[in-house]
Participant: 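Please read through the structure below; I'll follow up with questions.
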There are 2 protein chains.
Amino acid sequence: MGEKKQTFRDYLSQQGLKSTRQREIILDEFLRCDSHLSTEDLYLKLRKKHPGIGYATVYRTLKIFSECGIAEARNFGDGQTRYESTTCEEHHDHLICKDCGAIIEFEDPGIEQLQEQVARDHGFAIVSHRLEIFGLCAKCQNKER
Amino acid sequence: MGEKKQTFRDYLSQQGLKSTRQREIILDEFLRCDSHLSTEDLYLKLRKKHPGIGYATVYRTLKIFSECGIAEARNFGDGQTRYESTTCEEHHDHLICKDCGAIIEFEDPGIEQLQEQVARDHGFAIVSHRLEIFGLCAKCQNKER
DNA sequence: CGACTCCTTGAAATTGGTTTTCAATTTAAC
DNA sequence: GTTAAATTGAAAACCAATTTCAAGGAGTCG
């Protein structure tokens, strides 16, 4: 069993929550699609194979995922919250194509360092940050010409 | 008359829109309070002196401000759109205190440069970006101890 | 295996911010 | 002034997120 699944189960029992058929199904599907899914996206995917699962359950389960650290909530300003499966790797940020919606992840230690410097200069203690670069991906730049 | 007011009027006539009492009042109040106001914030402020002005009008007028470039819409993930008066200066980003909500603006050319580098590496053409650093401001760090 | 408690589920309702509708009014051009 | 087109404010619609609630399910303890 994947370590994410174990983490999730541990979290449930530790919190006095219950392991249910729906939660297992939702986790499986979530892990299968590793892209940046909104609640709606995941709900629609699930509905194909498991029509019984309700939107509210998907919503609540994603929330638990983010509480127990196996997923992270993001919002890119389009009014929808998206969840991404957390990696054990470094923090990363996003390049987002305004045209096709493609989302590319990147890491840049240099930027992170400069951020820390900025925070220090203002007496700020960083808790988190987010950086999003909006633009046109290579593909969409070509399309437009 | 401020240049912002002129810009606004020019934009209105150029678009076949009309200059109205409400729009003037809203612009005056908006320029007076240069902080990061939500529609709600501005509406409430306005209501004190001008109870007649409706929420919808404030909303629509702020939208025009951002269309004509004298204001910029931001959303910091608290579910509310905030508008800030644009400066002629450099692009800037934000430090946001999770405790008291204080918003500090900063510029960092170094970070901007690294972003451009990242975009180039991915064949991306930058249209815009946003960087927000969440944390605790100096004041709130002291409060908590 | 029950019995019992607490958690979960799905549908529907609610919330909160945003956006639109509509009839009445105002603006600006002729 | 007259008139066409834009604007206004109140209310309604919208949309994603969140909560409610009654029915059903999981886990625990004997």
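Naming: A, B, ... by sequence-line order, numbering from 1 per chain.
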Participant: If the threshold is 4.0 Å, N to carboxylate O, is there a salt bridge linking A:Asp41 and A:Arg82?
Facilitator: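 The answer is yes: the pair qualifies as a salt bridge.
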Participant: Determine, for A:Arg9 against A:Glu24, whether the closest basic-nitrogen to carboxylate-oxygen distance falls under 4.0 angstrom.
Facilitator: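 A salt bridge is present here (some side-chain N lies under 4.0 Å from a carboxylate O).
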Participant: Give me the residues of residues 15-30 of chain B where at least one heavy atom lies under 4.0 Å from an atom of DNA chain C, by number, or none.
Facilitator: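 Residues of residues 15-30 of chain B that come under 4.0 Å of DNA chain C are, in numerical order, B:Lys18, B:Ser19.
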Participant: Tell me the interatomic distance from A:Glu40, atom CD, to D:dA16, atom P, rounded to whole angstroms.
Facilitator: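 So the two atoms are 6 Å apart, to the nearest Å.
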Participant: Can you measure A:Glu67 atom CD to D:dT18 atom P for me and round it to whole angstrom units?
Facilitator: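 Value for this atom pair: 11 Å.
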Participant: Got A:Leu46 and A:Ile25 here, is their nearest side-chain heavy-atom distance under 4.5 Å?
Facilitator: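 A side-chain contact under 4.5 Å exists here.
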Participant: Take the protein atom CZ of A:Arg47 and the nucleotide atom P of C:dG10, then report the distance between them rounded to whole Å.
Facilitator: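 Taking CZ of A:Arg47 and P of C:dG10, I get 13 Å after rounding.
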Participant: Let me know the distance between OH of A:Tyr43 and C1' of D:dA16, rounded to the nearest Å.
Facilitator: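 Between C1' of D:dA16 and OH of A:Tyr43: 14 Å.
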Participant: Nearest 0.5 Å, please: how far is NE2 in B:His36 from CD1 in B:Ile96?
Facilitator: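 So the CD1 of B:Ile96 and the NE2 of B:His36 are separated by 8.0 Å.
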Participant: Between P on C:dG17 and CG on B:Leu44, what's the gap in Å once rounded to a whole number?
Facilitator: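 Between P of C:dG17 and CG of B:Leu44: 11 Å.
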Participant: With a 4.0 Å heavy-atom cut-off, tell me which residues in residues 57-66 of chain A come close to DNA chain C, sorted by residue number.
Facilitator: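 Close to the strand are A:Thr57, A:Arg60.
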Participant: Looking at A:Glu72 and A:Arg74, is there a salt bridge between them, counting it only when a charged N and a carboxylate O are closer than 4.0 Å?
Facilitator: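 Result for this pair is yes, salt bridge flagged.
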Participant: Calculate the interatomic distance between A:Arg9 atom CZ and D:dG27 atom P; express it in whole Å.
Facilitator: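 Atom-to-atom, A:Arg9 to D:dG27, this comes out as 10 Å.
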Participant: Assign B:Ser38 to base, sugar-phosphate, or nothing according to its heavy-atom contacts below 4.0 angstrom with the strands shown.
Facilitator: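 If one applies the 4.0 Å heavy-atom cut-off, B:Ser38 turns out to touch nothing in the nucleic acid.
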Participant: Does B:Tyr55 place a side-chain N or O at less than 4.0 Å from the phosphate oxygens OP1/OP2 of C:dT18?
Facilitator: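 Yes, B:Tyr55 has a side-chain N/O under 4.0 Å of OP1/OP2 on C:dT18.
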Participant: Take atom CD1 of A:Ile53 and atom C1' of C:dT8, then tell me their distance rounded to the nearest Å.
Facilitator: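 It is 12 Å, rounded to the nearest whole Å.
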Participant: If I take atom CZ in residue B:Arg74 and atom P in nucleotide C:dT18, what distance separates them, rounded to the nearest angstrom?
Facilitator: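 About 16 Å, once rounded to whole Å.
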Participant: One pair to check against side chain to side chain contact (heavy atoms under 4.5 Å, CB included): B:Cys140 and B:Lys98. What are the steps and the verdict?
Facilitator: CA-CA 9 Å; B:Cys140 290; B:Lys98 287 202 151 189; over 6 Å; no
Participant: So, do B:Phe65 and B:Tyr83 have ring centers that fall under 6.0 Å from each other?
Facilitator: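 No - the distance between ring centres of B:Phe65 and B:Tyr83 does not fall below the 6.0 Å cut-off.
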Participant: Any idea how A:Tyr55 and A:Tyr43 line up, ring-wise: parallel (<30°), tilted (30 to 60°), or perpendicular (>60°)?
Facilitator: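 If you compare the ring of A:Tyr55 with that of A:Tyr43, the planes turn out perpendicular.
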Participant: Could you point out which residue of B:Arg21, B:Lys4, B:Lys5 forms a salt bridge (charged side-chain N to carboxylate O under 4.0 Å, His left out) with B:Asp28?
Facilitator: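 Among B:Arg21, B:Lys4, B:Lys5, the one that satisfies the salt bridge (charged side-chain N to carboxylate O under 4.0 Å, His left out) with B:Asp28 is B:Lys5.
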